Amino acid sequence: MAGLSLRSVKKSFGDVEVVHGVDLEIVDREFVVFVGPSGCGKSTLLRMIAGLEDITAGEIAIDGRVVNELDPKDRDIAMVFQDYALYPHMTVFENMAFSLRYRGIERGEIRRRVDEAARILDIEPYIARMPRQLSGGQRQRVAMGRAIVRDPKVFLFDEPLSNLDAKLRVQMRTEIKRLRERVATTTIYVTHDQVEAMTLADRIVILNHGRIEQIGTPEDVYDRPASTFVAGFIGAPPMNLLPATALPAERLSGARRPPQDLLVGVRPEHLVWAAGETPLIEGNASVVEPLGSDTLVSLDVAGQALVVRLPPRIVRRRGEAVRLTADPANLHFFDRTTGIRQTQ
Amino acid sequence: MRRSPGSPAHWPRHVIMIVVCFLMLVPFYWVIKTSLTGENIYAWPPRIIPVDPHLFNYVDVWYMIPFARYLLNSVIVTAMAIAGSLLFNVAAGYALTRHFPGRRWIVVLLLSCMLIPFQATIIPAYLVTSWLGVLDTWLGVALPLLSTIICIFIFKASFEAVPPSLIDAARVDGLGEWRIVTRILLPLSKSAIATNVILTFIWSWNSFLWPLIAIRSPDMQTLPLGLARFLSVMEDTTGALFAFVVLVLIPGLAIFLMAQKEFIRGLTSGATKG
């Protein structure tokens with residue numbers, strides 16, 4: 001078990017810098033998720049931690065020891081890959097035992113560890129099979145088993161569920177969550193799926209263009225997004241952002257402070273149906289998407305698209321009038337130029 | 001709709017293929033038939049079915065020249081060429097899948113070297129072999145085939161077809177470069193290995209010009225040189241000559257038939273996706 005530190009870590013491919021000085025402290029047994037859109041540098045960062053990519057500048061330390069110059073095998077990490085990366089010419093047992101054989105661990109101990117991991121992951125019946133004889137979900141479990149048997153200081157997951165279909169992904173997500181309770185090891189998990197990030201993480205690191213946009217618990221990043229990027233990335237559907245102008249209170253008394261251009265953010269679920277009261281927003285539904293448990297309604301407000309999550313059957317058809325209000329406590333304010341969150 | 005191979009629409013294709021196969025196999029049949037009968041190949045009308053077949057020509061070949069010695073030399077030289085070419089071609093092929101400065105220029109250099117015929121390099125090859133002191137030895141005969149550019153590229157293509165994540169996984173699992181090649185890449189490159197083995201075998205087994213230059217001693221001669229010597233000492237030996245040819249052909253045919261599936265897959269790997 002160990003913590004992990006990234007200090008001003010940079011990565012360049014030729015003249016192009018793709019990771020611009022990342023600083024991050026991960027404590028022992030913490031489950032941290034790197035999330036961001038394609039090309040944001042999250043997988044590159046993970047590969048640098050694994051030792052599969054050289055670091056252009058900065059320092060990476062695992063359990064207090066700087067590992068910049070160490071080979072992947074000497075970093076005491078285990079990694080689960082997006083495409084499972086199981087050796088196709090070896091059985092499930094051989095795949096799981098492979099790394100242990102190269103570490104001088106005796107046969108009895110290898111057998112014990114593999115059996116234990118197979119039991120935890122419920123893959124005991126497949127232990128003698130070849131990877132091609134397994135389903136996607138089973139292969140992913142074997143890939144996790146291969147990491148578990150190593151008993152490493154840090155687990156690294158590189159989009160492990162992205163090759164699975166939607167149903168299996170949800171199932172495997174739950175399994176990873178359950179596995180986490182049993183194998184409490186420091187973990188870094190890379191995904192572009194914000195639902196995976198929200199459901200699995202102790203802390204989420206949101207990356208954009210090779211920079212950290214925000215670090216926080218799932219509640220933090222959802223309730224207090226640090227920027228319009230985070231507000232748009234975390235939450236599905238994303239937060240509505242509407243242009244607004246803030247008039248300072250002094251203006252009323254004649255002071256000369258200029259008005260501030262802002263973006264007001266409100267999540268679709270924080271806009272509520274204005275039953276009797278005066279609506280804050282009024283419009284006509286342009287798209288109605290009934291989901292069963294609730295309904296997503298899109299409407300145009302002063303040329304801006306707005307999405308709202310309403311209880312089922314309040315709005316049924318396109319064109320129906322929509323009357324909405326919101327609690328001011330649920331509004332978020334961002335600078336319109338920089339996209340940075342403004343204190344209320 | 002896809003038609004089954006046995007459907008009438010496929011018959012013309014089958015007839016053409018049978019005729020082509022027949023035309024290609026006739027020379028082999030004729031060589032075997034003549035080796036068993038010794039009849040004049042210019043006899044007219046030619047006999048399709050051998051009359052009074054016998055193995056005397058094979059006995060003649062075995063005892064009239066040191067056939068066993070030629071065979072041993074050919075086997076040793078070919079084994080050395082195959083072992084060496086596997087080692088060096090695998091190493092070079094793997095190196096070319098890695099990123100290093102000047103890699104593109106090395107690839108271009110190797111490709112352009114493929115355009116130079118071996119005959120044009122024979123004097124420098126002789127000088128190098130002489131400088132190494134291995135003229136008139138098995139190693140000297142095998143030397144030019146210890147690495148071949150086409151096989152380097154076959155291994156390169158085969159290694160590049162292995163998902164990079166497998167190599168990453170092997171690195172995380174603790175394998176060094178050589179073990180990644182031997183434990184991960186080679187078991188997944190059987191087609192490339194089979195192709196390398198067959199091509200090197202054929203080139204080495206049939207090689208005539210280089211052994212003729214590199215070998216002085218009669219005891220070091222390989223089968224193709226032995227065939228030339230056999231022609232010079234024997235006259236009117238059509239049957240024995242063809243028996244010699246059959247004996248030379250058998251090992252090559254056996255190796256090709258054993259590995260043809262992997263061989264064809266190796267030559268076409270990378271041609272299609274997946």
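Below, read A as the first sequence line, B as the second, and so on, with proteins coming before strands; counting in each chain starts at 1. Worth saying up front: this structure is predicted, and the values here are computed from it rather than measured.
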> Measure distances from B:R179 to the heavy atoms of chain A and classify the residue's part below 4.5 Å as side chain, backbone, both or neither.
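The answer is the side chain of B:R179.
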
> Please list, in residue-number order, every residue in residues 66-79 of chain A that has a heavy atom less than 4.5 Å from any heavy atom of chain B; write 'none' if there are none.
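Hits under 4.5 Å: A:P72, A:K73, A:I77, A:A78, A:M79.
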
> Which residues in residues 95-118 of chain A have any heavy atom lying under 4.5 Å from a heavy atom of chain B?
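Residues of residues 95-118 of chain A touching chain B at under 4.5 Å: A:F98, A:S99, A:Y102, A:R103.
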
> Tell me whether the count of non-hydrogen atoms from other residues, nucleotides or ligands lying under 6.0 Å of CZ in A:F13 goes above 12.
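Yes, CZ of A:F13 has more than 12 neighbouring heavy atoms, counting only those of other groups under 6.0 Å.
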
> Once you round to the nearest 0.5 Å, how far does CZ of A:R146 lie from CG of B:D173?
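Answer rounded to 0.5 Å: 5.5 Å.
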
> Would you mind checking which part of B:L188 comes under 4.5 Å of any heavy atom in chain A, side chain (CB onward), backbone (N, CA, C, O), both or neither?
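Just its side chain gets close to chain A.
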
> Heavy-atom count around B:Y29 OH within 6.0 Å, excluding the residue itself: above 12?
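Yes - once you tally the heavy atoms of other residues, nucleotides and ligands closer than 6.0 Å, there are more than 12.
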
> Are B:S165 and A:D158 close enough that some pair of their side-chain heavy atoms sits under 4.5 Å apart?
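B:S165 vs A:D158: side chains apart.
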
> Report yes or no: does A:Y87 contribute a side-chain atom to a donor-acceptor pair with the main-chain N or O of B:R183 at less than 3.5 Å?
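No; zero donor-acceptor contacts below 3.5 Å.
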
> Take atom CE of B:M114 as the centre, draw a 6.0 Å sphere, and report whether it contains more than 12 heavy atoms from other residues, nucleotides or ligands.
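Count over threshold, so yes.
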
> Heavy-atom cut-off 4.5 Å, strictly under: side chain, backbone, both or neither for A:L156 against chain B?
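Looking at A:L156, nothing touches chain B.
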
> For B:P163 versus A:D83, what's the shortest heavy-atom pair and its separation?
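Residues B:P163 and A:D83, closest heavy atoms: CB-OD2, 4.2 Å.
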
> If you take all heavy atoms of B:I184 and A:M90, which pair is closest and at what distance?
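Looking at all heavy atoms of both residues, the shortest contact is CD1-CE, 4.2 Å.
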
